[in-house]
Amino acid sequence: MTDYISIKGLEVFAYHGVFESEKNLGQRYKIDLKIGTKTQRAGLTDDLEKTIDYGALAKEVSENFSRKSFNLIEAAAEDTAIFILDNYKNIEEVYARIIKPYTPVRESIDEVAVEIFRKKSISYIGLGANIGNREENLNNALNLINENKYMKILKKSSLYETAAWGVVDQPDFLNMAIKIETVLSPHELLYELNNIEEKLGRTRLRHRGERNIDLDILFFDDLVIFENDLIIPHPYIKERSFVLDPLNEIEPYLNHPVYNNQIRDLKSDLDSKNKN
């Protein structure tokens, strides 16, 4: 259960905007925040240490907002939400509304505001490589994920060597799985993972063919998404030992939201099927 603390009308002077006049002269902004956290322990103990010090939070948000300069208030809002989630581990969700009272447009407008909602999500990523230095390729991918400020690796499996699945006339794969915490949406996470693949020089020679690196979103919270560019959970999880084995190592009790079975049970079913 999530509780909420609200801060409204935090005034901050900053230098955000596309025009040079905005960046040079600056103006006052207003920030509204709604923070998702757990407050019951603080309520039962009357102990400030068990909750969010909203005075300190307001000061830190103000300082962070004013020392940077973005073209767009969308970027300022994104940075504010991520700053809070990064620096307050007991905050799970952030609603941020950035109000720009004075806008450089001819029309009469009281204010322009951007409202966003961000939260910490859990995702599981499958990694694989079967050409080049496979282990080095996987380690390079892990390093780039760790360097990405929007992702944090929480768990990682051992390496598993397996024969290619689907298209079998290619070298064996090294596979692994990781559990990450991210503030990205599923589509933005996919975008960031694709960027990492490109940085590592992935080329797609044929469908399900050889690759020096492959990064797949297996699960994202308990979401079920079926779109042209993104399917979550990954549609072939229960058919692939090279996915289930490393997942079972790091999260055997993870529930598949479509089949309503735990990973350990899906693995057991596939192991039995492969024996027969």
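Residue numbers start at 1 and run along the sequence shown.
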Trainee: Could you walk me through whether Tyr150 and Glu181 satisfy the side-chain hydrogen bond (donor to acceptor under 3.5 Å, both in side chains) test, starting with their C-alpha distance in whole Å, then the side-chain angles of each, then the deciding distance to 0.1 Å, before giving a yes or no?
Mentor: CA-CA 8 Å; Tyr150 306 118; Glu181 181 183 84; over 6 Å; no
Trainee: Excluding sequence neighbours, so at least two apart, what forms side-chain contact (heavy atoms from CB on, under 4.5 Å) with Asn274?
Mentor: Ser241, Leu270
Trainee: Using a 4.5 Å cut-off on heavy atoms from C-beta on, say whether the side chain of Val61 contacts that of Val12.
Mentor: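 SC-SC contact between Val12 and Val61 ruled out.
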Trainee: Supply the atom-to-atom distance Asn212 CG to Leu200 CG, rounded to the nearest 0.5 angstrom.
Mentor: 6.5 Å
Trainee: Assess, by modelled atom type and distance only, whether the side chains of Tyr160 and Glu249 contain a donor and an acceptor separated by less than 3.5 Å.
Mentor: yes
Trainee: Please evaluate residues Glu227 and His187 with respect to the criterion side-chain hydrogen bond (donor to acceptor under 3.5 Å, both in side chains), reporting the C-alpha separation (whole Å), side-chain torsions for both, the decisive distance (0.1 Å), and the verdict.
Mentor: CA-CA 10 Å; Glu227 299 178 4; His187 287 88; 2.7 Å; yes
Trainee: Applying side-chain hydrogen bond (donor to acceptor under 3.5 Å, both in side chains) to Asn140 and Lys199, what does each step give before you reach the verdict?
Mentor: CA-CA 10 Å; Asn140 287 338; Lys199 286 180 181 178; over 6 Å; no
Trainee: Whether the Glu111 and Tyr102 side chains hold a donor-acceptor pair (N or O, under 3.5 Å, no angle test) is what I'd like checked.
Mentor: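 No, no side-chain donor-acceptor contact under 3.5 Å.
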Trainee: Tyr124 ring centre to Lys179 NZ or CZ under 6.0 Å, with the angle to the axis within 45°?
Mentor: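 Here Lys179 fails the 6.0 Å and 45° test against Tyr124.
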Trainee: Is any side-chain N of the basic residue among Asp269 and Lys238 closer than 4.0 Å to the acidic one's carboxylate O?
Mentor: no
Trainee: Is the CG atom of Asp229 crowded by more than 12 outside heavy atoms at less than 6.0 Å?
Mentor: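 Enclosed: over 12 neighbouring heavy atoms sit under 6.0 Å from CG of Asp229.
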Trainee: Between Asp3 and Lys38, does any side-chain N to carboxylate O distance fall below 4.0 Å?
Mentor: no
Trainee: Is Glu74 atom CD crowded by more than 12 heavy atoms from other residues, nucleotides or ligands, each under 6.0 Å away?
Mentor: yes
Trainee: Which distance, rounded to the nearest 0.5 Å, do you find between the CD1 of Ile196 and the CD1 of Ile213?
Mentor: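 Interatomic distance, Ile196 CD1 to Ile213 CD1, rounded to 0.5 Å: 9.0 Å.
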Trainee: With side chains defined as the heavy atoms from C-beta onward, is the minimum distance between Phe226 and Ile232 less than 4.5 Å?
Mentor: no
Trainee: Do Asn64 and Lys68 have side-chain N/O donor and acceptor atoms under 3.5 Å apart?
Mentor: yes
Trainee: How many angstroms lie between CG in Asn137 and CG in Leu127, if you round to the nearest 0.5 Å?
Mentor: 11.0 Å
Trainee: Would you kindly say whether Asn260 and Asn255 are connected by a side-chain donor-acceptor distance under 3.5 Å?
Mentor: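 There is such a pair (donor and acceptor under 3.5 Å, judged by atom type) between the side chains of Asn260 and Asn255.
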Trainee: Indicate the ring-plane relationship of Phe13 and Tyr15, choosing parallel, tilted or perpendicular according to the 30° and 60° boundaries.
Mentor: perpendicular
Trainee: Check whether Asn87 reaches the backbone of Phe83 with its side chain - one donor and one acceptor, N or O, closer than 3.5 Å.
Mentor: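 Yes; at least one donor-acceptor contact below 3.5 Å.
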Trainee: Look only at the side chain of Asp32 and the backbone of Gly9, and say whether a donor-acceptor pair between them is shorter than 3.5 Å.
Mentor: yes
Trainee: In plain terms, say whether Lys120 and Glu92 are close enough for a salt bridge, that is, a side-chain N and a carboxylate O under 4.0 Å apart.
Mentor: no
Trainee: Would Arg211 and Glu197 pass as an ion pair if we require N to O under 4.0 Å?
Mentor: no
Trainee: State whether Arg264 and Glu251 are salt-bridged, where the test is any N-O pair (Lys NZ or Arg NE/NH1/NH2 against Asp/Glu carboxylate O) under 4.0 Å.
Mentor: no
Trainee: Please tell me whether Asn148 and Glu192 have a donor and an acceptor in their side chains that are separated by less than 3.5 angstrom.
Mentor: yes
Trainee: Under 6.0 Å between the ring centres of Phe219 and His256?
Mentor: yes
Trainee: Charged N to carboxylate O below 4.0 Å: is that the case for Glu22 and Lys100?
Mentor: yes
Trainee: Output, in order, the C-alpha distance, side-chain angles, deciding distance and verdict of side chain to side chain contact (heavy atoms under 4.5 Å, CB included) for Ile99 and Tyr29.
Mentor: CA-CA 6 Å; Ile99 305 161; Tyr29 294 79; over 6 Å; no
Trainee: Picking from Lys156, Met151, Lys155, what satisfies side chain to side chain contact (heavy atoms under 4.5 Å, CB included) with Ile178?
Mentor: Lys156
Trainee: Any heavy-atom pair between the side chains of Ile5 and Thr51 that's under 4.5 Å?
Mentor: yes
Trainee: Rounded to the nearest 0.5 Å, what's the gap from CD1 on Ile7 to NZ on Lys34? Could you check?
Mentor: 13.5 Å
Trainee: Look at the aromatic rings of Phe242 and Phe173 and report parallel, tilted or perpendicular, splitting at 30° and 60°.
Mentor: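 Ring orientation of Phe242 relative to Phe173: parallel.
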Trainee: Strictly below 4.0 Å, N to O, side chains only: are Asp86 and Lys149 in salt-bridge contact?
Mentor: no
Trainee: Around Gln40, counting heavy atoms of other residues, nucleotides and ligands shown, do more than 12 lie under 6.0 Å from its CD?
Mentor: no
